[in-house]
Amino acid sequence: MSSEEFEKLHEMYKSLYEEVKLIPERAQRCQGEERKRIVRDFDERVSEAEEVLQGMEQELFGAPSSFRTPMSTKIRLYRRDLAKLQRDIRLSATPGFSSHLGDSRQGIYTAQNDQSTHLQSQRALLIQGTESLNNASKSIERSQQIAAETDQIGTDIIEELGEQREQLDRTRDRLVHTGENLSRSRKILRAMSRRLVTNKLLLSVIIIMELAILGAVVYLKFFRK
């Protein structure tokens, strides 16, 4: 995301909106071809504003959630304001057929705005769900990395202990009265081996719990209504 580009689009939208919000009042004071020209100009300005809002949404895709969420809400409100202006200019039509045509167009624009708001809401939920999945995946990767590092440390310890045991065996062959010390060393080796097995079991339990949490997050985000 480019914050500079987003701010530029934001300023462009506010400038367009300041122009557009004055047009319905002008249309009420005009009739005939002049009013049709004003309405066409209004539609063109609204289309430009919609394109600017779409550009703002695209700039938000890579933004942090702390910035993206409030700005997404603000964009939805901007679209609601545009829809209100569209209703106002349609309602300013003269009685008769033009009024009926304005009401029909108003219904179309209102339905389009409601659909756009719903799609934006679904898109925000999808982005939040994707971010939650990414965070959970990163957490699992960190756990796997820790497990691999712990396993490597345990392997190094076992190899080192194996070398120490060989040294002790050679010392036992040379010394007759070292049996007691060797017995203690064997107990230490067994205790450390048990601790290593215990650590591996604990790491396995942690990984299983994180997978369960990930499953719960996915369920709550996408399947539970």
Side-chain angles (χ1 to χ4, degrees), residues 1-135 220-222 224-225:
M1 169 193 168
S2 172
S3 59
E4 182 178 352
E5 182 67 21
F6 181 86
E7 291 300 329
K8 186 186 297 183
L9 291 171
H10 196 184
E11 291 298 325
M12 188 182 301
Y13 170 79
K14 288 192 289 187
S15 177
L16 283 171
Y17 182 76
E18 289 298 322
E19 296 179 16
V20 169
K21 73 178 183 180
L22 300 176
I23 296 179
E25 184 177 352
R26 288 169 49 200
Q28 290 179 354
R29 297 194 298 265
C30 300
Q31 298 293 332
E33 293 299 325
E34 178 65 17
R35 184 183 181 283
K36 292 180 180 179
R37 184 188 64 79
I38 292 176
V39 171
R40 286 195 299 270
D41 182 62
F42 173 84
D43 291 337
E44 292 175 358
R45 295 293 184 179
V46 168
S47 297
E48 292 177 8
E50 284 288 349
E51 291 178 359
V52 172
L53 291 178
Q54 291 177 3
M56 291 170 65
E57 287 177 335
Q58 292 176 358
E59 290 295 325
L60 284 178
F61 282 148
S65 59
S66 59
F67 178 78
R68 182 178 62 248
T69 301
M71 292 311 300
S72 296
T73 302
K74 185 173 291 188
I75 290 174
R76 287 197 295 272
L77 293 177
Y78 287 161
R79 280 200 167 91
R80 194 171 300 171
D81 293 339
L82 289 178
K84 182 178 182 302
L85 292 176
Q86 289 172 333
R87 290 195 297 270
D88 291 343
I89 200 168
R90 303 309 169 191
L91 289 173
S92 67
T94 56
F97 178 76
S98 297
S99 177
H100 176 72
L101 179 60
D103 291 341
S104 299
R105 290 181 177 177
Q106 173 195 353
I108 294 173
Y109 279 108
T110 300
Q112 290 176 343
N113 181 66
D114 292 342
Q115 183 180 9
S116 176
T117 302
H118 177 70
L119 291 174
Q120 293 302 318
S121 177
Q122 293 296 321
R123 182 182 298 176
L125 289 175
L126 179 60
I127 292 173
Q128 292 176 359
T130 302
E131 184 176 355
S132 297
L133 287 175
N134 290 336
N135 292 335
L220 292 176
K221 288 288 183 182
F222 297 99
R224 185 175 180 182
K225 299 295 183 179

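Atom OH of residue Y78 and atom OH of residue Y17 lie 10.0 Å apart, to the nearest 0.5 angstrom. One distance of note links CD of Q28 with CZ of R35; it measures 8.5 Å at 0.5 Å rounding. Atom CZ in R80 sits 8.0 Å away from atom CZ in R76 (nearest 0.5 Å). Remark: L9 CG to L53 CG distance equals 9.5 Å, nearest 0.5 Å. Of the inter-residue distances, the one linking F42 atom CZ with L85 atom CG reads 5.0 Å to the nearest 0.5 angstrom. Between atom CD of residue Q31 and atom NZ of residue K36 there is a gap of 11.5 Å, rounded to the nearest 0.5 Å.
Side-chain atoms of S15 do not come within 3.5 Å of backbone N or O of E11 as any donor-acceptor pair.
D88 has a carboxylate O that lies under 4.0 Å from a charged side-chain N of K84, or vice versa, which qualifies the two as a salt bridge. Remark: D43 engages R90 in a salt bridge, criterion side-chain N to carboxylate O under 4.0 Å. Using a cut-off of 4.0 Å between Lys/Arg side-chain N and Asp/Glu carboxylate O, E18 and K21 are scored as salt-bridged.
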Next on the checklist: Before you tell me yes or no, could you show the steps for R79 and E50 under side chain to side chain contact (heavy atoms under 4.5 Å, CB included), namely the whole-Å CA-CA distance, both residues' side-chain angles and the distance that decides it to 0.1 Å?
Outcome noted: CA-CA 8 Å; R79 280 200 167 91; E50 284 288 349; 3.2 Å; yes
Item to check | H10 and K74: CA distance, side-chain angles, deciding distance, side chain to side chain contact (heavy atoms under 4.5 Å, CB included) verdict | outcome: CA-CA 11 Å; H10 196 184; K74 185 173 291 188; 4.2 Å; yes
Item to check | Stepwise salt bridge (charged side-chain N to carboxylate O under 4.0 Å, His left out) test for E25 and R29 | outcome: CA-CA 7 Å; E25 184 177 352; R29 297 194 298 265; 3.6 Å; yes
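Looking at every heavy atom in both residues, A27 comes nearest to I38 through CB-CG2, 4.1 Å.
Within a 6.0 Å radius of CD in E19, more than 12 heavy atoms belonging to other residues, nucleotides or ligands are found.
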